[in-house]
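In what follows, a structure is listed as structure tokens, so that the remarks can point back to it.
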Amino acid sequence: MAFLADALSRIKPSATIAVSQKARELKAAGRDIIGLGAGEPDMDTPDNIKKAAVDAMMRGETKYPPVSGIPQLREAIAAKFKRENGLDYKPSQTIVGTGGKQILFNGLMATLNTGDEVVIPTPYWVSYPEMVALCGGTPVFAETTLATNFKLSPEALEKAITPKTKWFIFNSPSNPSGAAYSRDELKALTDVLLRHPHVWVMTDDMYEHLVYGDFAYYTPAQVEPKLYDRTLTINGVSKAYSMTGWRIGYAAGPEALIKAMDMIQGQQTSGACTIAQWAAVEALNGTQDFIPERRKIFEGRRDLIVGMLNQAKGIQCPTPEGAFYVYPSCAGTIGKKAPSGKVIETDEDFVSELLQAEGVAVVHGSAFGLGPNFRISYATSTEALEEAGRRIQRFCNTLV
């Protein structure tokens, strides 16, 4: 009899974590590696937020918190949704978890039965389909294309929905493509969802504050208030506030769903780190002045790497509206021979040969459900990005 659970056969390890680990190992072995795999801002957590954590420790805020979050943070979350998204939630409709990943997982665990389907646009963040599978559901993929800048069409969403669909997972700006949906684009999708009242919306807004130019951000329940009662709006402090290691995610939604998620979390981890929660209170309630400054830095990096990639032979890269990723196509390199002598047959071959030849670590697109592409995170220094761009161009020039 096998010792490990059958559920493990339904999932794969995280490709993004694997690439970061491979880059670390090669660096430790003495290779000159530029790691562009991790979705983590290179800026530090702002000082006012760190001070709030220190102050909380000094006050003795080091005991077990309530499972759903300390009252002060739940109030700050409700205030944030009202202030920034025009959404009215009571604190009792909010929940805090150990990162957005736990919130997503608990929402699925609380609702999915065997045979339930979850519609996920491709390319997708690597954890979505794995979470669905672990929770007993079936991921159903709705495809996007390079021609539409990886945005889901209403027709593709309509086609993916069946009587078994329970959730539609929506991520804007997107990891991995950086695609963000305008109000009109979002309204076209919510119009489809209105025709299917059995489908709930799980919206991952983690990159909300990382949008560029004059792009205006909207979340589904804001665009279509009729979806309010069947939407779980998820966010967190990881990206905009450079708090990835603090592990605080949060959500708001119908109270019955929040209570079910609270029950699961109560038997799973209980409340998230108290000190990190107090830091998150300051993140949401304190000054937001640094966000536009950092956004401008990311926007410059985006423009830099998109320009360099589009000068590389065989690479085509659209300009995304948000997040800190680009998702170039490497279709023009398929069938060519790398310096090692290997013929590049897939995007996984491309990123493997790029790492071996030039020491640039990126993630292959097939891990996100759509290839031949690869994902670059530009949440790193301008100098590293410039050098990575030169190395990618050089590598592409060697392909024959």
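- With sequence neighbours left out, Ser182 forms a side chain to side chain donor-acceptor pair (under 3.5 Å) with Glu185.
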Please output the side-chain donor-acceptor pairs of residues 112-127 that fall under 3.5 Å, not counting sequence neighbours, one pair per line with the distance.
from	atom 1	to	atom 2	distance (Å)
Asp116	OD2	Asn113	N	2.7
Asp116	OD2	Lys166	NZ	3.1
Glu117	OE1	Thr162	OG1	2.6

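- Counting heavy atoms from C-beta on, the side chains of Thr231 and Thr203 come closer than 4.5 Å.
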Worksheet entry | Verdict with supporting geometry, Ile34 and Glu387, side chain to side chain contact (heavy atoms under 4.5 Å, CB included) | CA-CA 8 Å; Ile34 301 175; Glu387 178 59 23; 3.5 Å; yes
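- For the ring-ring contact (aromatic ring centres under 6.0 Å, His included) test, no residue two or more places apart in sequence or in another chain qualifies with Phe105.
- Scanning for ring-ring contact (aromatic ring centres under 6.0 Å, His included) contacts around Trp200 gives Trp167, with sequence neighbours left out.
- Contact check on Lys51 versus Asp47 returns no salt bridge, with no Lys/Arg side-chain nitrogen under 4.0 Å from an Asp/Glu carboxylate oxygen.
- Side-chain contact, Asn85 with Lys80: a donor N or O sits under 3.5 Å from an acceptor N or O.
- The other residues sharing a hydrophobic cluster with Val281 are Ile49, Ile70, Leu73, Ile77, Phe81, Leu87, Tyr89, Val96, Tyr228, Val237, Tyr241, Met243, Trp246, Ile248, Tyr250, Trp278, Leu284, Phe290, Ile291, where clustering joins ILVMFWY side chains under 4.5 Å apart.
- Taking CG of Asp262 as the start and CD of Gln267 as the end, the distance is 10.0 Å to the nearest 0.5 Å.
- Arg391 and Asp32 are joined by a salt bridge, as a carboxylate oxygen and a charged side-chain nitrogen come within less than 4.0 angstrom of each other.
- Sorted by first and then second residue, the side-chain hydrogen bond (donor to acceptor under 3.5 Å, both in side chains) pairs involving residues 322-332 (not counting sequence neighbours) are Tyr207-Tyr325.
- Residue Tyr181 forms a ring pair (Phe, Tyr, Trp, His ring centres under 6.0 Å) with just one option from Tyr218, Tyr217, Phe170, and that option is Phe170.
- Judged purely by atom type and a 3.5 angstrom limit, Thr287 uses its side chain to pair as donor or acceptor with the backbone of Asp289.
- The ring-ring contact (aromatic ring centres under 6.0 Å, His included) search around Phe298 returns Phe324, not counting sequence neighbours.
- Side-chain N/O atoms of Arg294 and Ser242 include a donor and acceptor closer than 3.5 Å.
- Between Glu321 and Lys151, at least one side-chain N (NZ, or NE/NH1/NH2) sits under 4.0 Å from a carboxylate O, which counts as a salt bridge.
- Among pairs with a residue in residues 375-399, those fulfilling ring pair (Phe, Tyr, Trp, His ring centres under 6.0 Å) read Phe350-Phe395, at least two apart in sequence or across chains.
- By the 4.5 Å heavy-atom criterion applied to side chains, Glu353 and Glu358 are not counted as neighbours.
- A salt bridge links Asp44 with Lys50: the distance from a Lys NZ or Arg NE/NH1/NH2 to an Asp or Glu carboxylate oxygen falls below 4.0 Å.
- A salt bridge is defined here as a Lys NZ or Arg NE, NH1 or NH2 lying under 4.0 Å from an Asp or Glu carboxylate O, and Arg59 with Glu61 meets this definition.
- Scored by the side-chain contact (heavy atoms from CB on, under 4.5 Å) test, Lys22 finds Glu25, Leu26, Leu355 as partners (sequence neighbours excluded).
- Arg24 meets the side chain to side chain donor-acceptor pair (under 3.5 Å) test with Gln21; sequence neighbours excluded.
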Worksheet item: Could you go step by step and tell me if His364 and Ser352 meet the side chain to side chain contact (heavy atoms under 4.5 Å, CB included) rule?
Response: CA-CA 9 Å; His364 55 286; Ser352 176; over 6 Å; no
Under 3.5 Å, which donor-acceptor pairs do the side chains of residues 309-318 form with other protein atoms, sequence neighbours left out?
from	atom 1	to	atom 2	distance (Å)
Asn310	OD1	Cys317	N	2.7
Asn310	ND2	Val306	O	3.3
Asn310	ND2	Cys317	O	2.9
Gln311	NE2	Gly307	O	3.2

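- Note on residues 233-260: pairs passing salt bridge (charged side-chain N to carboxylate O under 4.0 Å, His left out), not counting sequence neighbours, are Lys90-Glu255.
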